[in-house]
Amino acid sequence: MPTHMNITVIIFDMDGVLIDSEPAHKLAKERAFARFGITLPEALYEQYKGRPDETMMSEVVPTLPDLKIGVQEMLLRKHREFEAVEHQARPIEGAKEFVSWAKTRFRIALATSATRRNREAALLLLGLADSFDFIVDASGFSRPKPDPEVFLTAMRGLTADSSECLIVEDSLNGVIAGKAAGCRVAAITTSFAETLLLSAGADYIVHNFQELRKLLD
């Protein structure tokens with residue numbers, strides 16, 4: 001990364017960037033719906049990949065005539081199912097080492113749509129509970145990505161200017177949100193193809209954390 005870029009702050013998304021929890025989240029949703037005898041098409045899950053549960057439930061639940069419960073109750077069911085399968089989540093290769101390295105050179109923040117409970121559990125699993133200078137999770141903002149609120153909140157928390165921030169994201173909505181916050185975005189190809197991430201506006205594409213480190217070194 002050219003020196004004139006003056007990156008002093010790195011803001012990390014969590015799910016799909018630091019931890020591979022997508023399969024566990026999908027399984028939890030499938031189980032929650034299965035309890036009511038409902039099977040949703042594969043393509044539907046794909047469509048909501050990397051987006052908050054609340055978005056999916058508020059858009060999908062009202063379209064299911066056989067479902068006798070509301071959006072909030074379905075969300076609770078999904079959260080309970082997730083707690084039963086979250087041990088299946090795995091660290092993204094090189095994530096922990098990269099965060100430890102980044103912490104010695106940059107101010108770092110975590111900006112995630114995960115609930116506070118899931119965020120704490122994930123950071124514990126990763127061994128990164130005390131690594132970040134600032135953390136914002138679902139309890140700290142109200143408008144989901146692609147709205148930039150989560151990143152703007154993280155920047156405020158670090159009193160950082162968008163010109164000095166690099167956001168590390170894996171989802172299309174995350175990339176859009178990062179650009180809307182005025183930051184540069186490095187997209188890692190853990191969840192979406194390079195072409196899609198570029199068309200969402202990513203400034204840099206990396207396939208792993210070694211590449212990201214090279215970019216910053």
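- Put simply, the side chain of T159 never gets that close to the backbone of R156: no donor and acceptor are under 3.5 Å apart.
- Cation-pi geometry between K68 and F36 is not met at under 6.0 angstrom from the ring centre and within 45 degrees of the axis.
- Looking only at distances, no side-chain donor or acceptor of E169 sits under 3.5 Å from a matching main-chain atom of A186.
- A side-chain donor-acceptor contact under 3.5 Å links E149 to the backbone of R143.
- The line from OG1 of T112 to CG of N118 is 9.0 Å long, rounded to the nearest 0.5 Å.
- Y48 and E59 share a donor-acceptor pair across their side chains, judged by distance under 3.5 Å alone.
- Around NZ of K96, the count of heavy atoms belonging to other residues, nucleotides or ligands within 6.0 Å does not exceed 12.
- Relative to the six-membered ring of F33, K29 misses at least one condition, a distance below 6.0 Å or an angle of at most 45° to the axis.
- Inspection of the H25 and K49 side chains reveals no N or O donor paired with an N or O acceptor under 3.5 Å.
- Smallest separation of non-hydrogen atoms from R107 and A160: NH2-CB, 3.9 Å.
- Listed for the R184 side chain is no donor-acceptor partner under 3.5 Å among the backbone atoms of S162.
- Side-chain N or O atoms of S171 include one that pairs as donor or acceptor with a backbone N or O of G174 at under 3.5 Å.
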